[in-house]
Amino acid sequence: MTNATRPAFITCARCGTEKKVGLRGPIPTYCSGACRASLKYERSREDGRYERALTEGRQRTAARQAANQSPCPFCGAPMLNPRRKQCGAALCKKRYQAERVREWQRAYRAKHGQWCRPANYAEQQREYNRQRRQEQPHWRQMYPDRAAAYDARRRALVAEARTEDVFAPIEVHTRDNWTCRLCLLPIDPEVAWPDPMSPSIDHRIPLSRGGAHALSNVQSAHLGCNSRKCDRDMVDMVIRLGQAAPR
């Protein structure tokens with residue numbers, strides 16, 4: 001077709017809109033791809049091809065879901081995701097969590113010979129700490145140079161501190177009824193250093209802050225509580241813990 005016989009405009013067979021025709025290429029029938037697709041859609045609806053394709057697609061999806069779905073073990077509702085353990089309902093979630101806790105309790109009892117109770121947690125934690133100390137040596141054995149420097153600084157602080165009374169640690173523990181004045185829990189005199197629950201002497205006002213090495217400034221404490229208190233005074237310790245100061 002020559003340029004003389006090539007039309008300058010065409011009328012869209014779908015919407016009737018005029019469209020300018022280019023100088024090259026085939027002469028279009030529609031003004032855009034949307035009109036071409038919509039016309040094919042209308043023709044497929046007229047001869048029933050669209051409904052057949054839609055029905056076949058739905059059937060394939062339903063067959064695929066039926067092959068993969070499994071019933072919920074708690075309510076029996078079908079689950080489309082094969083990796084799910086429950087259908088997602090609130091009651092099924094609660095029952096699933098309870099079953100997981102029961103399984104964990106059974107495994108714990110098979111391993112330890114008793115049920116896990118909160119009252120046993122403290123003893124289990126102490127047993128874990130004892131095993132860890134046996135496997136890993138104390139830091140004084142691992143870093144003897146740092147331990148020697150710490151002891152030198154500590155001796156200097158005690159020598160410079162005001163010494164108003166001469167006392168033994170047993171006198172402080174007896175006065176405080178073998179009770180930690182930081183956590184208010186009893187102190188076992190049979191527990192040996194360096195166990196965190198072993199007895200130690202804590203200075204209410206630390207020696208590094210000018211506190212005196214006197215009976216009025218010392219109190220009984222667990223070694224772990226004393227280490228966590230570090231060089232803070234009692235006011236800073238109470239603010240840090242967010243609880244009332246021990247009397």
Side-chain angles (χ1 to χ4, degrees), residues 1-136 240-243:
M1 182 179 293
T2 62
N3 293 336
T5 59
R6 189 179 182 88
F9 295 90
I10 59 102
T11 301
C12 178
R14 171 69 178 81
C15 62
T17 304
E18 289 189 353
K19 176 180 174 61
K20 185 177 180 180
V21 179
L23 299 178
R24 297 179 181 179
I27 299 176
T29 306
Y30 308 98
C31 63
S32 64
C35 286
R36 185 188 303 110
S38 62
L39 186 61
K40 292 175 63 177
Y41 170 73
E42 291 177 356
R43 290 176 180 176
S44 65
R45 292 295 293 265
E46 291 175 358
D47 57 15
R49 288 181 299 165
Y50 177 80
E51 284 77 7
R52 289 196 301 270
L54 186 62
T55 302
E56 292 175 359
R58 290 175 177 173
Q59 291 176 353
R60 288 194 298 268
T61 302
R64 186 169 58 252
Q65 292 178 352
N68 296 332
Q69 73 181 3
S70 58
C72 175
F74 302 104
C75 65
M79 298 185 299
L80 302 182
N81 190 344
R83 294 178 297 178
R84 297 204 64 167
K85 304 299 182 181
Q86 36 82 24
C87 64
L91 183 59
C92 294
K93 285 183 178 179
K94 186 180 297 185
R95 295 176 63 183
Y96 172 68
Q97 293 296 338
E99 184 63 28
R100 287 186 61 187
V101 172
R102 282 193 291 269
E103 291 179 0
W104 184 89
Q105 286 278 13
R106 296 190 193 102
Y108 182 91
R109 186 179 184 183
K111 181 178 180 181
H112 300 279
Q114 62 179 351
W115 297 107
C116 178
R117 296 182 178 88
N120 301 335
Y121 178 77
E123 182 59 32
Q124 295 169 5
Q125 187 67 26
R126 286 194 290 269
E127 181 63 26
Y128 169 77
N129 292 335
R130 283 193 291 268
Q131 294 179 0
R132 184 177 180 184
R133 284 193 299 274
Q134 293 176 0
E135 297 172 357
Q136 182 177 0
R240 179 173 177 268
L241 296 178
Q243 61 184 6

If I compare all heavy atoms of [X] with all of [Y], which pair ends up nearest, and what's the gap?
| X | Y | result |
| --- | --- | --- |
| Ile27 | Pro7 | CD1-CD, 3.6 Å |
| Cys12 | Tyr30 | SG-CA, 3.8 Å |
| Pro28 | Val21 | CD-CG1, 4.3 Å |
| Cys87 | Cys92 | SG-SG, 3.5 Å |
| Phe74 | Lys85 | CE1-O, 4.2 Å |

Residue pairs meeting side-chain hydrogen bond (donor to acceptor under 3.5 Å, both in side chains), one or both in residues 87-99, sequence neighbours left out, come to Glu99-Arg102
side-chain hydrogen bond (donor to acceptor under 3.5 Å, both in side chains) filter on Arg130, not counting sequence neighbours, yields Glu123, Glu127
The side-chain hydrogen bond (donor to acceptor under 3.5 Å, both in side chains) partners of Ser38 (sequence neighbours excluded) come to Arg14
Item to check | Atom CZ of Arg100 with >12 non-hydrogen neighbours under 6.0 angstrom | outcome: no
Rounding to 0.5 Å, atoms SG (Cys72) and CD (Gln86) come to a distance of 6.5 Å
Between the CD atom in Gln114 and the CD atom in Gln105, the distance rounded to the nearest 0.5 Å is 10.5 Å
Practice task
Please work out which of the three classes, parallel, tilted or perpendicular, describes the rings of Tyr108 and His112, given edges at 30° and 60°.
Solution key: tilted
Would you check if the side chain of Arg6 reaches a backbone N or O of Arg24 as a donor-acceptor pair within less than 3.5 Å? yes
